[in-house]
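To start, the structure itself, in structure tokens.
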There are 2 protein chains.
Amino acid sequence: MPTAQSSSPEPLPAPPQLSTMETAVIDVFVSAVKLIGLPKSVGEIYGLLFSSPNPLTLDSLVRRLSISKGSASQGLKVLRSVGAVRPVYVAGDRRDHYAAETELKKLVAGFIREELQPRLDSGTERLSHLNSLLASSHPADSAFLSARISKLGQWHARSKSVLPLLTGLLD
Amino acid sequence: MPTAQSSSPEPLPAPPQLSTMETAVIDVFVSAVKLIGLPKSVGEIYGLLFSSPNPLTLDSLVRRLSISKGSASQGLKVLRSVGAVRPVYVAGDRRDHYAAETELKKLVAGFIREELQPRLDSGTERLSHLNSLLASSHPADSAFLSARISKLGQWHARSKSVLPLLTGLLD
DNA sequence: CGCGGAGTTCAAGAAATTTTGAACAATTTG
DNA sequence: CAAATTGTTCAAAATTTCTTGAACTCCGCG
């Protein structure tokens, strides 16, 4: 029995009160997550799960973090997609329970796969579009532009080959 | 003499008109730059410089991209700091001229040095703060939390050692 | 079946970030 | 030196992104 959630007559949800420790950990993940361009709520959710010995339900996240159900749902969706969070079956409870995945390699791999690779892939199309434009470009600049676009192509190829390697460097 | 900027009596700055090619290249850099969390204007500026055979002044950037002087100034500051842009001396012109740095390795190294490393460094302090909080945490969770914070420390150390390696994988 | 709990979706509001523009500082030049 | 030119700064406006909350879909249960 985690916290005594007894039948208090208060109309307000009663401050869910995060411990100082939890707040500090969450803060770390909020920063981290913003750095990689994901919304704060994702960091809050992951941070709380990371601090929690047992899996939590969407509902607990909503209460303890004071965020909306919508945010929690969307945040969990992202975390699930990158494999940062794992659903845990709990007997006799219809609700989903989630636990934080703590293997760095998995987290990075998931982020690369879901957030970075798709961009690189769309870059391939972009590049061929640029090459097609090259034909109709002003002849005077043509040589220069051709060189630059080829440079872009090099970058792109290099990125595509290096990103996956990154995963290998971890753990 | 690049563009004939003759004395036209028009009150409006006259649409600077980017070529289709330029627009497409800029578009690529705007996406890239947003991915890494920098403002669009930074991508626009770098994109135009990347497409340009000769170095451009702040003023040309303002006119051709139709952005404010403030944006251009701030954007160039960022680009200079990460070494994505190089000032080029032009005889008999008081203004600064800028050229795009196109060595991928340099760009990545600069970004890591200026934008990523500082965050990792502040993370060091954060971690020791967490460790100090550990003392005052509820004994029941103490073992679990201790393990999690140690995990965080591992991640941190691993990141600090891997990030610099990244540079070596390029070019 | 219909009710109720769990979770998702998405349009509208709130918050955060970026851009603007005008005032300022620093130089150069006539 | 004063005037003109170049670039910077920063508060306010504009834009973008995130969060909210209510409507909705699914399911399992009685």
Side-chain angles (χ1 to χ4, degrees), chain A residues 5 12-13 16 26-27 29-49 55-81 85-98 115 119, chain B residues 5 7 12-13 16 26-27 29-49 55-81 85-98 115:
Chain A
Q5 203 63 35
L12 293 172
I26 288 170
D27 205 48
F29 285 107
V30 166
S31 311
V33 124
K34 295 195 81 180
L35 178 61
I36 64 178
L38 295 176
K40 175 160 88 138
S41 62
V42 168
E44 295 176 316
I45 295 168
Y46 185 83
L48 183 53
L49 292 178
L56 302 178
T57 61
L58 182 146
D59 185 58
S60 329
L61 293 169
V62 166
R63 278 184 291 106
R64 307 219 40 221
L65 295 170
S66 312
I67 61 179
S68 69
K69 202 157 55 125
S71 265
S73 173
Q74 292 177 175
L76 282 171
K77 177 155 86 172
V78 172
L79 289 169
R80 255 182 278 125
S81 84
V85 121
R86 186 165 27 90
V88 175
Y89 172 73
V90 169
D93 193 337
R94 187 138 76 83
R95 297 170 298 176
D96 302 334
H97 293 240
Y98 292 97
E115 310 281 334
R119 306 254 194 166
Chain B
Q5 203 63 36
S7 52
L12 293 173
I26 287 170
D27 205 50
F29 284 107
V30 166
S31 310
V33 124
K34 295 196 80 180
L35 178 60
I36 64 179
L38 296 175
K40 173 160 89 139
S41 62
V42 169
E44 295 176 317
I45 295 168
Y46 186 83
L48 183 53
L49 291 178
L56 301 178
T57 61
L58 182 147
D59 185 58
S60 328
L61 293 169
V62 167
R63 279 183 290 105
R64 308 221 36 224
L65 295 170
S66 310
I67 62 180
S68 69
K69 200 154 58 121
S71 264
S73 174
Q74 292 178 173
L76 281 172
K77 177 155 85 171
V78 172
L79 289 169
R80 256 182 278 125
S81 84
V85 120
R86 185 166 26 90
V88 174
Y89 172 73
V90 170
D93 193 335
R94 184 140 78 84
R95 297 170 299 176
D96 301 334
H97 293 239
Y98 292 97
E115 310 282 332

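The figures that follow rest on heavy atoms only: side chains count, while hydrogens, waters and symmetry mates do not. Each chain gets a letter, A, B and so on, in the order the sequences are listed, and its residues count up from 1.
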Give each protein N/O atom lying under 3.5 Å from an N/O atom of nucleotides 27-29 of chain D, with the pair distance.
none

Working to the nearest 0.5 Å, report the span between [atom1] of [X] and [atom2] of [Y].
X	Y	atom1	atom2	answer
A:Ser66	A:Leu61	OG	CG	11.5 Å
B:Asp59	B:Arg64	CG	CZ	12.0 Å
A:Leu49	A:Arg86	CG	CZ	10.5 Å
B:Leu76	B:Ser71	CG	OG	10.5 Å

Problem - B:Leu58 CG to D:dT8 P, straight-line distance once rounded to whole Å - result: 7 Å
Fill in the blank from the handout: Heavy-atom closest pair (B:Ala72 atom, B:Leu58 atom, distance to 0.1 Å) is CB-CG, 4.0 Å
Practice task
Determine the minimum heavy-atom distance between A:Leu65 and A:Ile26, stating which atoms define it.
Solution key: CD2-CD1, 3.7 Å
Handout entry: nucleotides 10-20 of chain D: protein proximity per nucleotide (B base, S sugar-phosphate only, - neither; heavy atom, under 4.0 Å)
Key = B-----SSSBB
Practice task
Have a look at B:Asp59 and say if it touches a base, only the backbone sugar-phosphate, or nothing, with a 4.0 Å heavy-atom cut-off.
Solution key: nothing
Completion exercise
DNA chain C: first to last nucleotide in contact with chain A (atom under 4.0 angstrom from a heavy atom), 5' to 3', is C:dG4 to C:dT17
Problem - Counterpart residues, ring-ring contact (aromatic ring centres under 6.0 Å, His included), relative to A:Tyr98 (two or more places apart) - result: none
Exercise for the section: Dump the intermediate steps for side-chain contact (heavy atoms from CB on, under 4.5 Å) on A:Ile45 and A:Leu56, then the final yes or no. Expected result: CA-CA 10 Å; A:Ile45 295 168; A:Leu56 302 178; over 6 Å; no
Handout entry: B:Lys77 vs D:dT9: side-chain N/O to OP1/OP2 distance below 4.0 Å
Key = yes
Handout entry: Residue pairs, two or more places apart or on separate chains, that pass salt bridge (charged side-chain N to carboxylate O under 4.0 Å, His left out) and touch residues 87-96 of chain A
Key = A:Asp93-A:Arg95
Practice task
Mind checking side-chain contact (heavy atoms from CB on, under 4.5 Å) for B:Val42 and listing every partner two or more places apart, or none if nothing turns up?
Solution key: B:Val33, B:Leu38, B:Pro39, B:Val78, B:Leu79
